[in-house]
Each structure stands twice: as structure tokens, then as C-alpha cells.
Amino acid sequence: GGLGINLQTADTVILYDSDWNPQADLQAQDRAHRIGQKKVVNVYRLVTENTIEEKVVQRAQQKLKLDAMVVQQGRLQNKDKLSKDELMDALRFGADKVFRAGDDATITDDDIDAILDRGKKKTEEMAAKLEDNDKGDLMDFSMDGGMKAQTFEGTDYSAAARNRQGPVIDKLMLLEEDCSKQRVRKPVTNYSEAVSLNEGGVPRKMKKRSKLPEHMRLPRTHEWQFLNAPRLEELSASEEQLFLKLDPDFYPDDMSTLVVLPEEEAAEKAQLLAEGFLNWGRADYKDFVAASAKHGRDNLTAIAGEIEGMTYEDVRAYHTAFWLKGPVYLHKEWDKNVRKIVWGEKKVADHLRLTEATKTMFERYEDPWRDLSLTYSKTQSGFTQSFTADEDRLLLCLTHTCGFGNWEKVREEFMRLGDGQFDYYLLSATTEAIGRRCESLMRVALNDLADWERKEEEAALREERERKMKEAKLKAETEAKEKRLRELDEQLKTLRKAQEDLERQRTEIKAKDSAE
């Protein structure tokens, strides 16, 4: 009920754990009675018979009645608090039926309707008792509505009747005594359940201490060292058996020179130890994962700079083993590490994208320290602080000059070059706040650059379209001219042919006239 959610479509409320405070249950019911509810809402309250839950429900109903009559007018102060004796009496209520209940008792589907009817009947009886005792409650401010909290259905659970109830109450008395005793802290040898218990929850047998000399014992190995632990343990066990069979009289003076394994197995043990990374502690392993997430898995130079005491060659060898053997040796930590590194690489890629966008924006202006401008709204996320346009321009230019992430240097230069030394707000701005502001400005620059590129692409497309239209128009005009010229040539040929025909007819006429 206290979540503050509105369930306009919910039409059923089930109260399975009644509260001493009835307002909590009312709030739960109110969730389904909000504006927009068009269905009939059914409220079911689940109460275990002959237990303290019945007293909780009765007391909650009495509180609601008193709240309406007295409490809202301020006439009752701290009257509803339970004393220790009252609480114990309520807990003892129905104890005999709880202890005497059969373990094999079951409820079938046929009994559900009977249980609901009986619950409805008890609710009506309790409401009738409360109505009958309204007058008495107002006169003496009694909290029990005329009903004795120790008597239910003719059974007396009061302190006077405890002796008659025998072993039933004795169990509760013993329980009360056990609860009242002071707790004694037991000594604990190991707080790690993973170490003390195996997968089945059975106590794990402690590993026996090796009886080998110091130079023969296996060093303590971990999964991030990528050692073939099962094979090494086999070789160590074989070595220990051979050592125990050796006569102490034949021990050399210098025990560090003693070798009991055959030459082939001794060489295999040395090779397996050399293939691992015994000098890598857990801190180095964690630093490697964190540096891979910070700089990217392939930036080995930056990763080596983050791990103290390790050279570039050490990091390169561990990098190869980590990505090759990690899925087999690291088990559950592998997926977690990969997710962390992938998430970090996305951040690195995002930072590179922001850096390139800022560089491109910086190069677009002849004098960016004076002319660079950004388009953003004051209500935009990350721009609720009182920075001016000149201060934003200076911050973005300093970010490009000092580099992404060097926020301390950016803040120092900003205070030196800007008006920060005279502005209380800027003086109180932390390095983290300046860094967040610079990163937000870089994102704005990225968006502005994307808008510019989009507009330039649109302008280029528009110019290309216009050029094609001009070419098409010129081509159409040229074709029209060529067609007109061809038509004129045809007409000229026709005229010339007609002229030739006239000349020929004229010549024929002259020749005919001359002959006559």
C-alpha cells in the first residue's frame, strides 16, 4: 500500500499478512479504488484460525473505530501501545490448538467454500460486538471493545488459567525463557562458507599439510595464474610419496639440492610452473582487467603503465594467456570480466569519437578561441549550471588543448584565463563538475558537427541535383537545336531539288522553242 501506485484495472485485493496498523491495509485496498476503476472490487483477508492473527484483526478494527470517534479529535494519546504482558498474552492465545493440531491435516478444494463462509460469519460477529460496545468504549476509552483478549470461544488464556493448561503453556514459557537469555557469541574458525562447505553443503575436509621440504612444495596457486593445477598436484603427490620412502640417512647436507622425481617428471613440473604466472597477485590481475576496460584490450602500453612492477613484456605474455585460457580457468569471473572490458571499450570508443568531433569543430574556425559557437538549449541535460557562452567556448578549447580526461589541468587553466577567480560559483566548482561540463560540451559539439555534415551533404545533393537538371536542360536544348537544323536541311534539300526541276523544265522549253 505504501508504494503509491494506482491499479485502475485491478479488481481483487488479497491481504495475507494483516498489520497491527489498519491504515497500512487500508492503503493497500485504496490502490484498487482509484479514479478509473469501473469494476466491483473484492477484498479477501486471509487469517489463520486460533492464532494471534485473529487478535491482530480484532485490534485493527478497534483502532479504526477509535480513530473515527476519538483519535482524529486528539483525545487519545499513546493508548494503543501494547505492554509486554499484553503481547505475551496475545502470543499465547490459541497455543493449545496450535500444539495439538495434527500434522497430517489437509484441506481439500471442497473445504474452501466452508472456510470462506466461516470467515465471513466471524467477521460479522466481530463487527456486531464492536457495535454493541460503542457506548462503553466512549465512556472508558477501553481498547478491547468489551471483549477479553485472554478469552476466546469459552477458553480462558489468562495468567490465572495457565496452571490448568499444563504442558502446552510450559512449552511457551520455556520458549520465553530461551528468548530472554543473553546470546553467547560462539567462536568461529572460518567465516567463508565457500571454504568450509562443499557444493553439497557438507563440511569440506581440510587439505593436509605437505611433508615435502620447502623447495619441493607447490606454491599457493590461483585461477588467474593459469597453472595446470590438477597435473601439478599429481606430480606433487608422487614426489611426496617418493620423498617419504627415502631413508633419512641418505639426505644430503644441503636439502635444497634434493631431487626425488624422475628427470622427465621433474622437467615437466618445472615447465608447468614456468608456463604460469606465479608472480601475478590478485591485485595485479584486478589491475589488468581494470586497465583493459579503461584503455581497451589491445592498448598494451597503457595497460602496462597501470600495473605496478610489471614490464611491457610481462603484460603482453599475460594478455595472451588471459584471452586464450581465461574461459577455461576463470569460470564465473570470465563473463563478468568480459562484460566489464567490453563496457569500458565502448566508453573508450565514445571518448575517441568525442575527441575527434571536438578536434574537427576546433579546426573549422580560423580563430576558435574567439569565434567558436555551440547550439544548445539552457534546459538541455547537463546545462542547468550558470556558465556563459564565453566560458563554454573557453572550456571546450581547453579540453581540446589539454586532452580528454585531464580535468584538473583544464580547471587550472580555466581559472587562470577566465573570470573564474572573480566568480564564487566557478571558484566552488569541483574538478568533477568541470569534467562533466566539458564532456557535455563535447557531446554538443558532436551533435553540431553531425548537423553541419548533414547540412553539407544536403547542400551537396542539392547542387548535384541542380547540376544534373542544368545538364538535362542543356542537353534537351541541344537536341532540339539539332533536330531543327536537320529539319532545315531537309527543307533546303527539297527547295534545291525543286529549283533544279524548274531549271531543267526551263531548259527543255528553251530547247523546244529553238527547234521550232
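The structure displayed is predicted, hence computed values, not measured ones. Throughout, residue positions are numbered sequentially from 1 according to the sequence presented.
At least one donor-acceptor pair under 3.5 Å links the side chain of His319 to the backbone N or O of Arg297. In this structure, the side chain of Glu53 engages the main chain of Thr48 through a donor-acceptor pair within 3.5 Å. A distance-only check finds a donor-acceptor pair linking the side chain of Arg393 to the backbone of Leu372 [under 3.5 Å]. A donor-acceptor pair under 3.5 Å is absent between the side-chain atoms of Ser236 and the main chain of Leu232, judged by distance alone.
Between Ala229 and Thr221, the shortest heavy-atom contact is CB-OG1, 4.5 Å. The minimum heavy-atom distance linking Val41 with Ala10 is given by the pair CG2-O, 4.5 Å. A pairwise comparison of heavy atoms in Asn337 and Leu330 identifies ND2-CD1, 4.0 Å as the closest pair. The heavy-atom pair separating Trp407 from Cys438 by the smallest distance is CZ3-CB, 3.4 Å. Across all their heavy atoms, Phe277 and Ala317 have their closest contact at CZ-O, 3.6 Å. Closest approach of Ala60 and Pro22 over heavy atoms only: O-CG, 3.5 Å.
Ion pairing between a basic and an acidic side chain is recognised when a charged N comes within 4.0 Å of a carboxylate O; Glu333 and Arg282 show such pairing. The existence of a salt bridge linking Asp350 and Lys347 is excluded, since no basic side-chain nitrogen approaches an acidic carboxylate oxygen closer than 4.0 Å. Of the charged side-chain nitrogens involved, none lies within less than 4.0 Å of a carboxylate oxygen, so that Glu408 and Arg411 do not count as a salt-bridged pair.
One distance of note links CD of Gln58 with OG of Ser18; it measures 11.5 Å at 0.5 Å rounding. How far CG of Leu449 is from CZ of Arg353: 11.0 Å, rounded to the nearest 0.5 Å. Separation of atoms CG (Leu441) and CG (Leu354) is listed at 11.0 Å; rounding is to 0.5 Å. Note that CD of Gln23 is 9.5 Å distant from CG of Asp25, once rounded to the nearest 0.5 Å. Rounded to the nearest 0.5 Å, atoms CG (Leu398) and CG (Asn406) are 11.5 Å apart. For the atom pair CZ of Arg443 and OG1 of Thr358, the computed distance is 10.5 Å after rounding to the nearest 0.5 Å.
No side-chain heavy atom of Trp224 sits less than 4.5 Å from a side-chain heavy atom of Phe288. In this structure, the side chains of Gln225 and Tyr329 stay at 4.5 Å or more apart for every pair of heavy atoms. Considering only heavy atoms from C-beta on, Glu413 comes within 4.5 Å of Arg416 through its side chain. No side-chain heavy atom of Asp11 sits under 4.5 Å from any side-chain heavy atom of Val40. The shortest distance between side-chain heavy atoms of His295 and Val348 does not fall below 4.5 Å. Inter-residue side-chain proximity for Leu446 and Met442 is flagged as unmet; no heavy-atom pair is nearer than 4.5 Å. Counting heavy atoms from C-beta on, the side chains of Glu439 and Phe404 come closer than 4.5 Å. Taking the side chain as every heavy atom from C-beta outward, Arg437 and Leu396 never approach each other to under 4.5 Å.
A distance of 6.0 Å or more separates the ring centres of Tyr318 and Tyr285.
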(request) Might you work through the side-chain contact (heavy atoms from CB on, under 4.5 Å) test for Leu272 and Leu227, ending with a clear yes or no? (result) CA-CA 7 Å; Leu272 291 176; Leu227 288 164; 5.8 Å; no
(request) Carefully, step by step, assess His222 and Trp280 under the rule side-chain contact (heavy atoms from CB on, under 4.5 Å). (result) CA-CA 10 Å; His222 302 279; Trp280 281 70; over 6 Å; no
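Other residues, nucleotides and ligands contribute at most 12 non-hydrogen atoms within 6.0 Å of the CZ atom of Arg220. Within 6.0 Å of CH2 in Trp343 there are 12 or fewer heavy atoms belonging to other residues, nucleotides or ligands. With a 6.0 Å radius and a threshold of 12 heavy atoms from other residues, nucleotides or ligands, Lys325 has its NZ atom above the threshold.
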